[in-house]
Chemist: 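Can you read through this structure? Questions will come right after.
We number each residue from 1, following the sequence as shown. Computed from a predicted model, the values in this text were never measured in an experiment.
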Amino acid sequence: MLVKQKIRLPIITYHSIDESGSVISTRPEVFRRQMEFLSDKGYRAVSLGQMVAELTENSSPPLKTVALTFDDGFQNFFSEAFPVLEKHGFRATVFLVTDHCGGHNDWAGNPPELPRSRLLDWPEIRQLNAGGIEFGVHTRTHPDLTKMSEPEIESEIAGAKTAIEDALGEKADTFAYPFGRFNPVVKRIAEKHFKAACSTNLGKVRRGSDLHSLERIDSYYLSSQRVFGKLPTRTFDRYMQIRQAMRSFKSFIYQN
């Protein structure tokens, strides 16, 4: 399904809010400054589900709208991010790896500099949900879905969706592909279960964006407050296009 609006709205990807300096970590003080910037500039921060609903209902989201997403469900979302979001009246979406909830990020593919970290448990998830946080699906165990059979993919996706819906008593309609990797089979299964799915392709949501491979902006590229301050500009859009082109070129070289 394609977005049919002439808009360019950012979906920002965060993972862990910590001091480790890993490529998927954002320092707490940096995160606080970023949220203060958005608030001071009059942005509304919404869940992914709200952004998608507004797009598909042909409404006109304000140009100063941003969706905040957090992959993996680190416990430091509860301790570091949520108090800041609550202060500014911001909403967000957290994508859970359901078999690891209450445990640790014990799956392959984590950056070596990221310490073994605790993940949100179900009581914390329920408390956050009551506070306005949306929870989406990031599979049961965080595998590379492109290397799995169709029944295995279905189990990873549908099993996680059921776990969240049973725990919270509401639909889990959004999804983030682990490692950003998907192929036609994975995407088809995601389309069956969700209203929207996030990729790791860099850019803003715009006319023609596929709702099941939505562009996002990784917080890695926003660690400089100077760069973050250019978020609303076309200069920033061009910067993301260049970064995405570099990513695509590197992927092509490695595969060939």
Chemist: I'd like to know if Glu165 and Lys161 make a salt bridge, using a cut-off of under 4.0 Å between side-chain N and carboxylate O.
Modeler: yes
Chemist: Examine the side chains of Asn76 and Ser16 and answer whether a donor and an acceptor come within less than 3.5 Å of each other.
Modeler: yes
Chemist: My understanding is that only one of Asp72, Thr98, Thr174 makes a side chain to side chain donor-acceptor pair (under 3.5 Å) with His138; could you say which?
Modeler: Asp72
Chemist: Evaluate the criterion side chain to side chain contact (heavy atoms under 4.5 Å, CB included) for residue pair Thr69 and Arg216; output intermediate values, then yes/no.
Modeler: CA-CA 9 Å; Thr69 63; Arg216 292 196 285 176; 2.9 Å; yes
Chemist: If hydrophobic clusters are built by linking Ile, Leu, Val, Met, Phe, Trp and Tyr wherever their side-chain heavy atoms come under 4.5 Å apart, do Val46 and Phe135 end up in the same one?
Modeler: no
Chemist: Return the CG to OG distance between Asp106 and Ser117, rounded to the nearest 0.5 Å.
Modeler: 9.5 Å
Chemist: Assess Arg181 against Tyr177: is NZ or CZ under 6.0 Å from the centre of the six-membered ring, and within 45 degrees of the ring's axis?
Modeler: no
Chemist: I'd like a table of donor-acceptor pairs (distance under 3.5 Å, sequence neighbours excluded) in which one partner is a side-chain atom from residues 83-93, with atom names and distances.
Modeler:
from, atom 1, to, atom 2, distance (Å)
His88, ND1, Ser39, OG, 3.3
Thr93, OG1, Leu48, N, 2.9
Thr93, OG1, Glu134, OE1, 2.5

Chemist: Show me, pair by pair, the donor-acceptor contacts under 3.5 angstrom made by side chains of residues 225-234, not counting sequence neighbours?
Modeler:
from, atom 1, to, atom 2, distance (Å)
Thr233, OG1, Lys230, O, 2.6
Thr233, OG1, Phe236, N, 3.1

Chemist: Can you name the nearest heavy-atom pair linking Leu68 to Ala45, along with the distance?
Modeler: CD1-CB, 3.7 Å
Chemist: Would you compute the distance between atom CE of Met240 and atom CD1 of Ile242 and round it to the nearest 0.5 angstrom?
Modeler: 9.5 Å
Chemist: So Glu80 and Arg27, salt bridge (charged side-chain N to carboxylate O under 4.0 Å, His left out) or not? Walk me through it.
Modeler: CA-CA 10 Å; Glu80 300 290 346; Arg27 298 185 187 280; over 6 Å; no
Chemist: So, are Glu154 and Arg188 salt-bridged, with charged N and O less than 4.0 Å apart?
Modeler: no
Chemist: On a heavy-atom basis, which atom in Pro143 and which in Pro178 lie closest, and how many Å separate them?
Modeler: O-CB, 3.2 Å
Chemist: Could you check Glu113 against Ser20 for side chain to side chain donor-acceptor pair (under 3.5 Å), going step by step and ending with a plain yes or no?
Modeler: CA-CA 7 Å; Glu113 68 273 21; Ser20 72; over 6 Å; no
Chemist: Decide, yes or no, whether a salt bridge links Glu36 with Arg33 under the criterion of side-chain N to carboxylate O below 4.0 Å.
Modeler: no
Chemist: Could you tell me whether Asp218 and Arg243 have a side-chain N and a carboxylate O separated by less than 4.0 Å?
Modeler: no
Chemist: May I ask you to decide whether Asp237 forms a salt bridge with Lys204, counting only side-chain N to carboxylate O separations under 4.0 Å?
Modeler: yes
Chemist: Show the nearest heavy-atom pair for residues Glu156 and Met148, with the distance to one decimal.
Modeler: CG-CE, 3.9 Å
Chemist: State, without any angle test, whether Arg44 and Thr65 hold a side-chain donor-acceptor pair at a distance under 3.5 Å.
Modeler: yes
Chemist: How close do His15 and Phe70 get, counting heavy atoms only, and between which atoms?
Modeler: O-CD2, 4.2 Å
